[in-house]
Amino acid sequence: MHRFCIAVLFLVTTGRTATSFAWSRTAIDCSGHHRYACPPSSSTYADAVSELRAQLALQQEGCCGGSPGRGEHVTAPGNAEVCFEAYVSRRRPMGSGLAFLDLVDPTDEDAPELTALLKRQAFEPGSSADGAADPAAFAAYSKALQPGTLLRLVGTAAPTRTGEASLLVRRVTVLAAAPNPQHLYPLFTGARAGLLPRPEVAAALRLDLGELEVLLKTACPVAARAKPRRST
């Protein structure tokens, strides 16, 4: 069933997601999106990297009290949010609440990679009262951010283990799906379960919203059902 669903998605989206690496700016209708899905403005990749380094330097000077904690919306110097677009070149999951993403510039192949930290305690879509993201919503986004996916990211500066600047991800929008058909499945199942915004997923797959709705109703009807656990 899983392979059949991937085949259906591949046939429907072939020729649309293939434009991901060429990257044409397809407008995304924000109606029905999560309130954080469409930031009002963004920086270039290079500007964002420079800004993150500057923000980290301010943090290390001790003027801001370090990185923001769970559920905080700190706007003091050193904790200002940065918004930019990038491709995922590598995804390194570290359990259910943490993943590292290696990012590359969508317009310059020679630009240095940037590490992004996807941490459930800092991730805002689907946040609960205690400031932590809903585990199911976080897992859906984490699985959807596969290599080759084009993203718009919003976050703050955080240090790596070597002291370099990285991005602590607060919010993310999937702009274009990865060209690998295997990586389309998490987008589809996330939309089915209501954990990923359907207009965002449709735009990422280069589908009309109506086309996505038809797929969700007709293809892979049992794909989103969890397998029953065996009693021990």
Side-chain angles (χ1 to χ4, degrees), residues 1-21 23-39 85-88 91 93 96-97 99 101 106 116 118 120 123-128 132-154 169-227:
M1 178 63 72
H2 178 79
R3 292 180 179 178
F4 171 76
C5 297
I6 292 173
V8 170
L9 288 172
F10 176 70
L11 290 173
V12 171
T13 59
T14 295
R16 306 189 191 200
T17 56
T19 62
S20 295
F21 285 98
W23 179 227
S24 60
R25 291 180 177 271
T26 300
I28 296 179
D29 180 7
C30 297
S31 59
H33 272 53
H34 190 277
R35 63 185 181 279
Y36 296 133
C38 294
E85 296 170 6
Y87 278 117
V88 179
R91 173 178 174 269
S96 61
L101 305 174
L118 193 64
R120 187 166 68 87
F123 197 63
E124 292 181 359
S127 295
S128 58
D134 174 73
F138 177 83
Y141 268 101
S142 180
K143 292 176 182 178
L145 307 186
Q146 296 290 335
T149 305
L150 180 66
L151 308 176
R152 180 182 292 129
L153 303 115
V154 180
V169 179
R170 295 290 188 178
R171 305 182 289 279
V172 64
T173 304
V174 179
L175 297 178
N180 186 339
Q182 293 279 349
H183 294 164
L184 303 181
Y185 191 70
L187 283 173
F188 185 79
T189 54
R192 276 190 62 94
L195 299 172
L196 298 178
R198 292 186 179 185
E200 180 181 332
V201 172
L205 295 173
R206 300 299 188 262
L207 298 172
D208 294 332
L209 183 57
E211 292 175 322
L212 177 63
E213 296 289 352
V214 171
L215 275 176
L216 295 178
K217 292 178 181 178
T218 59
C220 319
V222 298
R225 296 180 184 175
K227 295 182 179 179

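All values derive from a computational prediction rather than experimental measurement.
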Quick one, [X] and [Y] - any side-chain contact, counting heavy atoms below 4.5 Å?
X	Y	result
Glu85	Leu175	yes
Val172	Phe123	yes
Lys143	Thr189	no
Leu215	Leu207	yes

What pair of heavy atoms forms the shortest contact from [X] to [Y], and how long is it?
X	Y	result
Gly148	Pro179	O-CD, 4.0 Å
Leu118	Ser142	CD2-CA, 3.8 Å
Ala176	Thr149	O-CG2, 3.4 Å
Pro147	His183	O-ND1, 3.5 Å
Pro197	Tyr141	CD-OH, 3.3 Å
Leu205	Ala177	CD2-CB, 3.9 Å

Are the side chain of Arg170 and the backbone N or O of Val154 linked by a donor-acceptor pair below 3.5 Å?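 Here the side-chain-to-backbone pair does not exist.
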
Please confirm whether the backbone N or O of Gln182 pairs with a side-chain atom of Asn180, one donor and one acceptor, at under 3.5 Å?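 Here the side-chain-to-backbone pair exists.
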
Just jot down the side-chain contact (heavy atoms from CB on, under 4.5 Å) partners of Ala140, sequence neighbours excluded, or say none.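 By the side-chain contact (heavy atoms from CB on, under 4.5 Å) rule, Ala140 matches Leu195, Leu196.
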
For the [atom1] atom of [X] and the [atom2] atom of [Y], what is their distance to the nearest 0.5 Å?
X	Y	atom1	atom2	result
Leu212	Arg206	CG	CZ	13.5 Å
Leu153	Leu145	CG	CG	8.0 Å
Arg192	Lys217	CZ	NZ	11.5 Å
Thr218	Glu213	OG1	CD	11.0 Å

